[in-house]
2 protein chains.
Amino acid sequence: MNLPIGELARRTGVKVPTIRFYEQIGLIAAPPRTEGNQRRYGKTEIDRLNFIRHARELGFEVDHIRELLAMSQEPQASCHQADSIAQSHLLEVDRRIEKLRRLRGELARMIDECGHGRICDCRIIEVLADHGHCAADHVA
Amino acid sequence: MNLPIGELARRTGVKVPTIRFYEQIGLIAAPPRTEGNQRRYGKTEIDRLNFIRHARELGFEVDHIRELLAMSQEPQASCHQADSIAQSHLLEVDRRIEKLRRLRGELARMIDECGHGRICDCRIIEVLADHGHCAADHVA
DNA sequence: GCTAGAATCTCTAGCCACTAGAGGATCAAG
DNA sequence: CTTGATCCTCTAGTGGCTAGAGATTCTAGC
């Protein structure tokens, strides 16, 4: 277990520059180096990077991941805080889905109404140009 | 109709710095200036900015908006291209919705299974730490 | 005409989470 | 000992803005 960064990347699915970036922002610790100044990693980093990757895939922000990582280091603590981070993230995801759904509806309607003729008759252009009182006006 | 930038902002819902930014990236033209070097706008810019805002609200990228704007200037052209931009954007929105829904499912399950006890028993932390063969692994 | 305060100007830097590329050093296999 | 893959650091770029500094200009009231 003395992996170079490329091997760590292969095993975790996190790209090499991203690993270095995570080190830079302090999301993972700086590992030991070879005599020739190359990073060498162990099992700890595989786990940590996998954790980070899963959390990113679930859409957690880096700052939240920082907190979740800190919690995972304190197994006896209450998981109330982890729960609340996840909860509020779920709400955020719900908001995004709802917004996209409304948007999708408008898009689909617009496309549907397009008669595939000339620009001057096109609902797509028309809707964009003059859209004074539709739902999307109130999308944040 | 010789509006200062703040008034244009008020009428279109696009913030002042954003208007200047749009000018900088060439999304809108540089307007005439007063003797004191302040921008003054007319009806054209109101329409154009409204178009841009609507398109942004619908999630179109700036480069696509550029194309849509160019099309709207050629009323006799076919709207095939506008249609295809909108179509592919719709597909992209569908992809995003689907991705968020899968993600939401995982999040909700995770939270649901959390016993609200200690970190060492917490499904949230556990799922993140060891998540080897779940759907989210294959989310791009 | 004068003054105060609101609005405007330019410019730089920051946001997020990376990604790309230059230019050079190091490693492992043959 | 050479070759080619991998690694290093550093800077800059992505998208679509947003924030702030410090200076100027406009406008309304007196």
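Chain letters run A, B, ... following the sequence lines, proteins first and then strands; every chain starts at 1.
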Quick check on [N]: is either OP1 or OP2 less than 4.0 Å from any side-chain nitrogen or oxygen of [X]?
X: A/Y22; N: C/dC18; answer: yes
X: A/R40; N: C/dT26; answer: no
X: A/K15; N: C/dT19; answer: yes
X: B/R39; N: C/dC9; answer: yes

Answer yes or no: is there an ion pair linking [X] with [Y], defined by an N-O contact shorter than 4.0 Å?
X: A/R66; Y: A/D63; value: yes
X: A/R109; Y: A/E113; value: no
X: B/R56; Y: B/E61; value: no

> Which residue, A/N37 or B/N37, contacts DNA chain D at a nucleotide closer to its 5' end, judged by nearest heavy atom?
Replying inline: A/N37

> Starting at the 5' end of DNA chain D and moving along, which residue's nearest nucleotide shows up first, B/I52 or A/V16?
Replying inline: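 On the 5' side of the pair lies A/V16.
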
>> Return whichever of B/E7 or B/Q24 has its heavy-atom-nearest nucleotide of DNA chain C closer to the 5' end.
In response: B/E7

> Start at the 5' end of DNA chain C and walk down; is the nucleotide closest to A/F60 or to B/G36 reached first?
Replying inline: B/G36

Round to the nearest Å and state the distance from [X] atom [atom1] to [N] atom [atom2].
X: B/I25; N: D/dT14; atom1: CD1; atom2: P; answer: 12 Å
X: B/I5; N: D/dT27; atom1: CD1; atom2: P; answer: 15 Å
X: B/E92; N: D/dG15; atom1: CD; atom2: C1'; answer: 14 Å
X: B/N2; N: D/dC26; atom1: CG; atom2: C1'; answer: 13 Å
X: B/I28; N: D/dC17; atom1: CD1; atom2: C1'; answer: 14 Å
X: B/E61; N: D/dT14; atom1: CD; atom2: C1'; answer: 12 Å
X: B/Y41; N: C/dT8; atom1: OH; atom2: P; answer: 10 Å
X: A/R66; N: C/dC16; atom1: CZ; atom2: C1'; answer: 12 Å

>> So B/M1 and B/I46, do their side chains get closer than 4.5 Å, heavy atoms only?
In response: yes

Out of [options], which nucleotide sits closest to the side chain of [X]?
X: B/R20; options: D/dC26, D/dC17, C/dC9; value: C/dC9
X: A/Q38; options: C/dA17, C/dT8, D/dC7; value: D/dC7
X: A/T18; options: C/dA17, D/dC8, C/dT19; value: C/dT19
X: A/R33; options: D/dG16, D/dC8, D/dT18; value: D/dC8
X: B/R56; options: D/dG16, D/dC26, D/dC7; value: D/dG16

> Can you tell me how far CZ of B/R20 sits from CD1 of B/I25, rounded to the nearest 0.5 angstrom?
Replying inline: 14.5 Å

> What do you reckon, is CZ of A/R95 surrounded by more than 12 foreign heavy atoms closer than 6.0 Å?
Replying inline: yes

